[in-house]
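Lettering follows sequence order; numbering is per chain, from 1.
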Amino acid sequence: MIGTYEVVETDLLILGGGGAGLLAAIHAHDNAPDLDITVVVKALFGKGGCTRLVQGGYNAALDAADSVERHFEDTIKAGSFINDRELAWLLVSRAPAVVDELEKRHGCYFDRHPDGRIHQKAFAGQSFDRTVHKGDLTGIEIMNRLTEQVFKRAPRILEEHRALDLLTDSNGSVCGAVLLDIRTGRFVAVNARATLLATGGGPNMYRIAAAAADKACDGIAIGYRAGAELMDMEMVQFHPTGLIAADSRMTGTVLEEGLRGAGGHLFNGRGERFMERYDAVRLERSTRDVVARSSYLEIRAGRGSPNNGVFIDVSHLGAEFVIRNFPGMVKRCSDMGFDLARKPVEVSPTAHFIMGGLCMDTETRSRLDGLFVAGEDAGGVHGANRLGGNGVAESTVFGCVAGDTIPSLISRLRKVSDAQIEQIAMEALAPLTRNGGESVFEIKAEMQNLMWDKVGLVRNGPDLQAAMGELESLTERLERASIRSFRKYNLEWQEYLNLKNFLLVSRLVALSALAREDSRGSHYRSDFPGANDERFLKNVYIGPGQKVELRPVRERHS
Amino acid sequence: METVTLRIARHDPETKTSSWAEYRVEVREKTTVLDCLDRIQRTEDSSLGFRYACRVGMCGSCAMVVNGRDRWTCRTLVRDLKAHRITLEPLRNMPVIRDLAVDFKPLWQKYRQIQPAFEPARGERVMKAEARRRRERIEPNLQCISCGICYSACGYVASDPQYLGPHALNRAFTSIGDPRDGAGNERLDIVDNEHGCWKCHVQTNCTEMCPMELSPSAGIQHLKLAILRRRMLNPTRRKFAYSMVGAAVAAVSAYVAYQPKEWVAAGPVEALPSDNFTLIGKDGKRAYVRRLAGSEVEAVSQRCTHQGCRVIWNGPAQEFQCPCHRGLFDSAGVPIAGPPVRPLERYPTRIVSGVVEVFLS
Ligand SMILES: Cc1cc2nc3c(=O)[nH]c(=O)nc-3n(C[C@H](O)[C@H](O)[C@H](O)COP(=O)(O)OP(=O)(O)OC[C@H]3O[C@@H](n4cnc5c(N)ncnc54)[C@H](O)[C@@H]3O)c2cc1C
Ligand code: SF4
Ligand code: FES
C-alpha cells in the first residue's frame, strides 16, 4: 500500500533550509568534515522559508556607543521579562560575531557608511539604531550567500521533501524522520544519529499572515507528536504593517519595520494618529505587540480604513528619501498600484512569527534525546514579543550554535522500526483512499477565520473555549476529508498535511492562551487586560498529553 | 470585476501526457496571475500544479511564461497584461514536474559549475575606499532571486544545453568583481570558453525580462572584458584566438547592453499606416510600428527570439522573416515556421499630443 520506500542513513539530519538549517549544516561540516549531513527542504532549496523574506534587517550591537548589555535589555523588555535569560544572552552576545562571519566567511555585504562602518538603521522598540541591513531586502543577500556555501560543502540535499514525523526508538530517543518526496509521492525513511528541527514555525493558520507559504508549523507539530515539550505557545506575533491588497495573496505580506523606524505615521480611517492614545511616548516606534494591537482595536471599533485596516504614511519623509531607502517596498507597492512614497497605503496587522516552540538549552538540545532545535521552531529566546531584527539574528546565531555543538554530542545510530515508518506513511496516505469528503481548502479557510477572530490579537476566556471546540470539530472534519488520489506533486495532499499540523498547533496556542490569565506582550486577554506578575511572570509549558504547566522564568545568565 | 480566460499548459507526470486546459476566472483590480491559479486550485481543479512561496517577489519560485513572456506571477497584476486571454506555460529550458512547476536542477548545476561560493582573499580584511568603489560596480547585479526567468528566456541556452547561461554567469561576474574575493582567476578560467561567456551574443532577453531589474547581459560583457584584459597582460596564459574579435564584440556589446530604456518618438499617429509596419528608431534601437483600429498603436521588436538577428517585415506576405535561420512570424509576431518558439517582443507605446512614442531598449 505505502509502496517501496527509500532508506537513508546519515549522521546529521537537518529538517529545514532557512538561516538556521543552512548555518547548522555549514558549521557542522566545518567542525567535522567527515560528518554525513542531510538537509531536507520542503520548498525548492534556497527559496522557501522566511530568512529569505527578511527585509528590514539584523540586530547586533556593533557600534562603540552601543553594547551587548543594552541589546539584551531591549530584548528582555520587549519580551515582557519572560525570555529565557541564558538563551537571550546567547542571542545578543553572539550576534556581532555572526554578522562578521556572514560578511567575512560567507561573502554577504551589508550597507555601509561612507567611512566603511556597517550602517545600522532604526527599528522600533530599541534604544539604539542597531539593525544591520542590505537595503530593504536583506534576506536575499543572506540566503544567496549561505546557499552557495552549503553547495560547496556538498551535503545530501533533498528539496521538495517534507518531514512528516520523527522516528523514535523504544526509549523515546529520536533516530530520524520519515519524509515525503513531494514530486514522486514516495516516502523516504531517514535514520539519523542526530536530528535538527529548523522548519521555521510560521503562523499561517491566521486569515491574514505573512510567512512563506511553505511553512505550516510543521516542526512544532512534529516535535510535539514525538513527545517534546513546548513553551510560550500563546505568544504569536502580529506585524503591524501587512499590506492590504483586496483578495490577493499579496495581502498580509509585510511592509518592513524600517518605515516606522524612519518616522512613518499610522492613521486610522478618520485621519487620527491613533498611536498617541496607546503609547504617547514611543508612538509608531513602539514595539510590534503594542502597535499591532492598537491598530486592531481601532479597526474593531469601526475607525478603520475602507478595507479594514489603517494607513501607513511615509510621504512626509519626502518621496526621494523613501525611494532611496526603501526601493524594494516602493517597487512592490507600485506593482500593486500603490504609491508608497507619496500616498498613505492601507495596512493590517498580519500573523508573523511564533515566539513559542520547542524548549531548548544553550546547546540547542530539545527535551528529547537525539533531537535538536534552532530558529523559529524553538521557544524561549524572545519571551512574549520578538523585537524586529532579532528573528534572523536568532536563526543564524542558533544555527551556528547547533552546528558547533551537535558534532560533539552525536550518539550512535539507533535502529528504526519498520512498523513505525509504515504507520507514519499510512497516516499520510489516508485521505487519498477516502471518497466524498469535503474540500481541505474549505476547512483551511474556516480555521483561518476562526483563529483570526477568536485566538488572534485580542482574546478572552469564552472565545478561547469556543475556539477549542471548533478546532476539535475542524480536526474531525479533516479526518474525513478526501483528496484526489494521485501521488506525484499533489498540492491538495500537501495542504491536507499542512492542515493537520496547523490544527494541532492552533489547539496548543489556544490552550496556552487559556492558561495565561493576564496580558503580556503579544498575548492580550480582554478579560484580564493587565499584566499579573505575581501569578504570571512565568512561562506556560505544554508537555505530552496536552499537560499545561506554569513554571518560573529561567533567570540565570553569566 | 471582469472575467478572463486562462489557457494553461498541463502536464501529468503520472500518465506522462501533456494537454491544454481552459479556465475562466473573475478578476478584480488587485488580482495577480498567481491569484488566478490559487483560485482555480481551491475552487475548480485541485490537481493543478504550480509553485510559490513568498508571494511577494523575494523567493523566485513562481515564474512562468505568461502570454509568451517570462514573468514572476506573484507580482504581475492581470489588469496590467491588458488581455482577456492569458496563456500560461512553464519556464523553458528546464524539465517540467507537473503543469507549471519545473525542476530547477539544470539552473543550479550550472550555478555550481562557476563555483559561486565566496572565497575570502588572503590578507585583505578591511575594505578600503578604492575597493568599495570597485564593489559598487557589482551592486546592481547582486539581488538575484534565482527565479530562472533569464535562463528560460535565453535563446542561447535553448540552442546549447551546455551553455552556463545568464543566471550563473551573472553570479560569476558579481563574485569576480567582489574585491574581497580571492578566486577570480579560477572562475574566469571556468567561464572563458564557448559554453561560457563567449556564447552570449547579447540578445539581452535576460536583462529585459529580469524582474529584479538586474542586467545579466552587462555582467557577461564585463566578464569578456576581464578575460581580455587578463590576456593582454599575460598573452601566454591562454590561446590568443579570440582576442581581437573578442575585444570588438565585447566593446560593442557592453555598449549595447548599457543602452538605457527610453521613449523614442515615432512621428504623428495619422502618419502611421494601419495595414503595414514601418521601421522606426535608429542605431541599436528600432521597432516595427503600425496603427491598429482607431488610434491604438502597436510596436514589435525587430529582434528575432531565436538568436537575436533582425527580422524583416514582408508587407505582401504579411510576415516577419528572419534572414539568419529562416524563422517566420505572422503579423501578430507569433512564430509560424523555423526555429523561433516564442513571439516577437512588444514594446509599450503611448501617444503624447498626437505623437506616437515607443519605449525602446
Ligand atoms: C515577511 C517576513 C519578514 C521578516 N523580516 C525580518 C526582519 O527584517 N528581521 C528579522 O530579524 N526577522 C525577520 N523575519 C523573521 C525571520 O525571517 C525568521 O525569524 C527567521 O528567518 C526564521 O529562520 P528559520 O531558519 O528558523 O526558518 P525559515 O528561514 O523560515 O526556514 C524554514 C525552512 O524549513 C523548511 N520547512 C518547513 N517545513 C518543513 C518540513 N515539514 N520539512 C522540511 N522542511 C520544512 C522550509 O521550506 C524552509 O526551508 C521576517 C519574517 C517574515 C515572514
Ligand atoms: S538574474 Fe534576474 S531573471 Fe535571472 S535568475 Fe536572477 S532575478 Fe531571475
Ligand atoms: S512567490 Fe516568491 S517570487 Fe513570486
Among [options], single out the residue with the greatest number of heavy-atom pairs under 4.5 Å to chain B.
options                                : result
A/Arg332, A/Lys215, A/Glu442           : A/Arg332
A/Gly46, A/Ala445, A/Ala210, A/Cys50   : A/Ala210
A/Met143, A/Glu495, A/Lys444, A/Lys331 : A/Lys331
A/Ala213, A/Ser439, A/Ala212, A/Pro114 : A/Ala213

Rounded to the nearest 0.5 Å, how far does [atom2] of [Y] lie from [atom1] of [X]?
X        : Y        : atom1 : atom2 : value
A/Lys488 : B/Glu14  : NZ    : CD    : 5.5 Å
A/Glu160 : B/Arg51  : CD    : CZ    : 4.0 Å
B/Ser46  : A/Ile483 : OG    : CD1   : 8.0 Å
A/Ile140 : B/Leu142 : CD1   : CG    : 11.0 Å
B/Thr32  : A/Met250 : OG1   : CE    : 7.5 Å
B/Cys59  : A/Leu44  : SG    : CG    : 8.0 Å

Full working for side chain to side chain contact (heavy atoms under 4.5 Å, CB included) between B/Phe118 and A/Arg105: CA-CA 7 Å; B/Phe118 176 67; A/Arg105 272 178 63 196; 6.0 Å; no
Counting only non-hydrogen atoms closer than 4.5 Å, does [X] touch chain B with its backbone (N, CA, C, O), its side chain (CB onward), both, or neither?
X        : answer
A/Arg484 : side chain
A/Arg145 : side chain
A/Thr184 : neither

[X], part contacting chain A, at a heavy-atom distance under 4.5 Å:
X        : value
B/Glu29  : neither
B/Cys54  : both
B/Thr76  : neither
B/Cys147 : backbone

Residue pair B/Gln143, A/Lys134: steps toward the side chain to side chain contact (heavy atoms under 4.5 Å, CB included) verdict: CA-CA 10 Å; B/Gln143 290 204 315; A/Lys134 166 100 189 149; 3.7 Å; yes
Flag if over 12 foreign heavy atoms under 6.0 Å of CZ, A/Arg186: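 No.
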More than 12 heavy atoms of other groups within 6.0 Å of B/Arg28 CZ: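 No, because the 6.0 Å sphere around CZ of B/Arg28 holds 12 heavy atoms or fewer from other groups.
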Expected output: side-chain A/Lys47 to main-chain B/Gly60 donor-acceptor under 3.5 Å: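 Yes, A/Lys47 side chain to B/Gly60 backbone: donor-acceptor pair under 3.5 Å.
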Heavy-atom donor-acceptor pair, A/Asn144 side chain to B/Cys144 backbone, under 3.5 Å: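 A pair under 3.5 Å: yes.
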Among B/Ile145, B/Asp12, B/Leu34, B/Asp80, residue most engaged with chain A (heavy-atom pairs, under 4.5 Å):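 The answer is B/Ile145.
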Pairs involving residues 30-43 of chain B, ordered by first then second residue, that meet salt bridge (charged side-chain N to carboxylate O under 4.0 Å, His left out) (sequence neighbours left out):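 Qualifying pairs: A/Asp247-B/Arg39, B/Asp38-B/Arg42.
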Salt bridge present between B/Glu119 and A/Lys152 (N-O < 4.0 angstrom):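 The answer is yes: the pair qualifies as a salt bridge.
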A/Glu492/B/Gln41 under side chain to side chain contact (heavy atoms under 4.5 Å, CB included): CA gap, chis, key distance, verdict: CA-CA 8 Å; A/Glu492 192 186 15; B/Gln41 181 199 41; 5.8 Å; no
For [X] versus [Y], what's the shortest heavy-atom pair and its separation?
X        : Y        : value
A/Asp214 : B/Ala53  : OD1-CB, 3.9 Å
B/Arg55  : A/Thr251 : NH2-O, 3.3 Å
A/Leu137 : B/Met58  : CD2-CE, 3.6 Å

Cation-pi geometry met for B/Arg180 and A/Tyr109 (6.0 Å, 45°):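 The answer is no; the distance or angle limit is not met.
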All side-chain hydrogen bond (donor to acceptor under 3.5 Å, both in side chains) counterparts of B/Asp103, not counting sequence neighbours: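 Per chain and number, B/Asp103 pairs via side-chain hydrogen bond (donor to acceptor under 3.5 Å, both in side chains) with A/Arg183.
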Residue pair A/Phe151, B/Trp108: steps toward the ring-ring contact (aromatic ring centres under 6.0 Å, His included) verdict: CA-CA 9 Å; A/Phe151 279 154; B/Trp108 288 122; 5.4 Å; yes
